[in-house]
Amino acid sequence: MNDRLNWLSLAYKFAIDGDPKAMRACARELFDLNEQAADGPAIMALAAIYAGNNDEAAILTEDAMAADAKSIHANLAQAALWSLDFEIDKEIKLLKTIVKESTDAVEKQEHLRRELSIRILRDKNMPKEESDAHRDLEAKVKILRGVLILAQGLLADALALAADPAGAAKSLLALSELVEDEKAKALYYGKYLFMLNYRAVSAGKLFQESARFDGFFKNVKRYSHDAVKKNPKKKLRVGYISPDFRLHSVAYFLRPLLKDFDRDNFIVHCYSTGKSDGVTNNIRRLPIQWRDLRGKPAAFVAKVIFEDHIDILVDLSGHSQNNCLEVLAYRPAPVQISAIGYVATTGLNAVDYFLSDNICMSGSDNTGFTEKLLRLPCCHLCYSPGLVRQMPPPAVRAPVTDNGYVTFGCFNNFNKVTDELLCTWRSVMERVADSRLIIKGKICSIAAGRRLLLARLKGLSFDLSRIELRPFSPDYLNDYRDIDIALDTFPYNGGLTTCEALFMGVPVVTMRGRTHGSRFGASILSHADLKELVAQNQMEYVKKILQLAGNKDILQRYHNGLREHMHQSGLMNGKGYMMHLEKLYRQVWEDFCKAR
């Protein structure tokens with residue numbers, strides 16, 4: 001095999017494995033082969049980025065581009081460098097070019113390799129040069145696949161940051177098909193499923209795509225629970241597993257699970273697989289059994305849970321970042337439930353149930369879920385921020401009172417904001433004279449994100465003089481004092497964001513959709529006794545916003561009384577929530593005991 005191709009092939013293998021030292025060794029060999037080529041500095045630059053040596057990476061990338069501005073390896077290093085600087089607009093454009101060129105090149109090289117393979121099979125006396133050419137073609141395909149894997153990974157992250165979840169989903173699906181390791185395939189496919197929730201996807205389509213996820217774990221050996229004593233009245237051991245027992249949106253809904261449970265009939269274990277912080281310390285003070293399993297492989301975590309004799313294991317992560325579904329694939333507990341941390345089916349057959357409520361999933365409809373649905377009569381989320389932070393006081397006056405104009409706001413992850421929704425907001429603003437819209441979030445925190453967002457708004461005919469972009473900040477709750485009406489997103493509603501807006505005295509208008517994730521807002525507002533803010537369709541969504549915007553007295557009453565109203569509502573009734581939830585726990589345990 002050509003030495004250059006050999007070292008490049010190895011370099012990308014080590015890049016995929018996350019081994020910058022080995023990448024550097026390959027880069028040195030490439031330097032020795034040709035000091036003037038872009039290969040050596042490009043691979044060395046990628047290794048430097050992996051190792052966190054960004055200044056070195058910048059110099060090496062400049063050298064690689066100077067040597068050959070058309071080199072796909074140099075351009076990949078340039079894109080990776082832009083990702084570090086959050087130059088996502090330039091990064092996305094370059095990565096799309098790299099992906100297209102690499103994909104076309106792979107197809108071409110594969111075609112040549114197949115033709116040559118056929119000739120070799122037919123002619124056993126094929127000259128050595130032909131055999132060498134065949135090996136070189138195989139190496140070129142491996143290299144290009146390596147480029148594609150790195151490029152698609154960078155592109156997925158950049159597109160998600162740029163609020164293009166459909167594009168990110170496409171890259172993640174391609175990644176899942178490109179990588180060879182089964183765990184990596186499952187990881188990227190799970191991320192793909194997560195991204196699907198940001199745009200309108202039918203329940204049937206989501207079910208079909210999610211159901212494929214279980215196939216990644218066909219070789220996992222599951223624990224047997226045949227020896228478990230089936231005593232329906234026993235004191236149950238409930239385990240909660242999550243990477244997010246920390247400053248995270250999930251933590252705002254944990255207090256009832258870990259504090260308000262019935263200690264006479266339940267023992268609670270927590271299995272933490274993620275980072276620790278001050279919130280973690282608050283959680284560990286609660287009457288629970290704690291296991292810190294950060295960094296442990298899934299098989300080890302599953303063994304710990306099995307040996308703790310957990311009866312019901314509740315996963316709080318679903319397909320979210322650093323999730324625990326691989327652990328559940330081992331079935332370490334006889335009954336397993338997905339709850340709170342994810343808005344759709346996991347697609348994992350080892351998960352028996354999905355926690356919902358009678359508003360998010362009404363009647364007997366189970367469409368879109370591989371799990372059986374558990375429906376609470378209350379909201380499946382119980383808002384309790386005390387574990388996480390001391391909430392600042394709300395403003396007692398609606399901003400319109402002093403400003404003379406209505407200010408709308410959206411603090412949701414901007415991936416949830418579709419062009420259709422933006423057009424709806426624009427039509428509202430056109431009908432509410434002098435109104436303003438404040439958008440706050442990560443996309444507004446970087447210059448390139450702001451450029452992309454403003455270009456998107458301009459393309460949809462917004463009056464940009466009435467738009468304010470605010471970057472994310474740790475004290476973001478104080479910004480609600482500038483908002484008269486919060487606008488919920490659809491089809492993927494806000495969860496924590498809606499609860500926080502209400503708690504800060506800001507009314508939120510939502511639209512009830514057709515899927516679990518598009519009914520979060522309806523469930524939260526209904527169980528907060530604010531059904532008047534729930535629209536059944538897009539026309540009613542606009543109508544309710546306009547009615548609120550046109551009545552300063554009603555706005556003032558909301559801003560002055562929402563926090564106390566929240567405290568008195570079912571949405572924050574932890575003991576009532578646990579009474580209903582523990583009834584479901586007992587029911588599913590009894591069903592397990594009855595099963596043969």
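Remember, it's a predicted structure, so these values are computed and weren't measured experimentally.
Checking S518 against T515 by side-chain atom types alone, a donor-acceptor pair falls below 3.5 Å. A donor-acceptor contact under 3.5 angstrom links the side chains of S435 and R466, judged on distance only. A side-chain donor from one of Y198 and N413 sits under 3.5 Å from a side-chain acceptor of the other. Defined by atom type and a distance below 3.5 Å, a donor-acceptor pair is present between the side-chain atoms of Y252 and R389. Residues S317 and N323 bring no donor and acceptor atom of their side chains to less than 3.5 Å of each other. For the residue pair T345 / S210, no side-chain donor-acceptor distance below 3.5 Å is found, with atom types taken as modelled. Inspection of the T346 and H319 side chains reveals no N or O donor paired with an N or O acceptor under 3.5 Å.
Remark: the backbone N or O of Q289 is not paired with any side-chain donor or acceptor of R284 at under 3.5 angstrom.
Between R451 and E87 there is a salt bridge, since at least one side-chain N of the basic residue sits less than 4.0 Å from a carboxylate O of the acidic one.
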Side-chain donor-acceptor contacts of residues 570-579 below 3.5 Å, not counting sequence neighbours, with atom names and distances?
unit_1: N573; atom_1: OD1; unit_2: G576; atom_2: N; d: 3.0
unit_1: Y577; atom_1: OH; unit_2: H380; atom_2: O; d: 2.9

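Pairs passing the salt bridge (Lys or Arg N to Asp or Glu O under 4.0 Å) check and including a residue from residues 257-277, sequence neighbours excluded, do not occur.
Taking the ring centroids of Y558 and H565, they lie at or beyond the 6.0 Å cut-off.
In terms of the ring-ring contact (aromatic ring centres under 6.0 Å, His included) criterion, residue partners of F503 (sequence neighbours excluded) are, by chain and number, Y383, H567.
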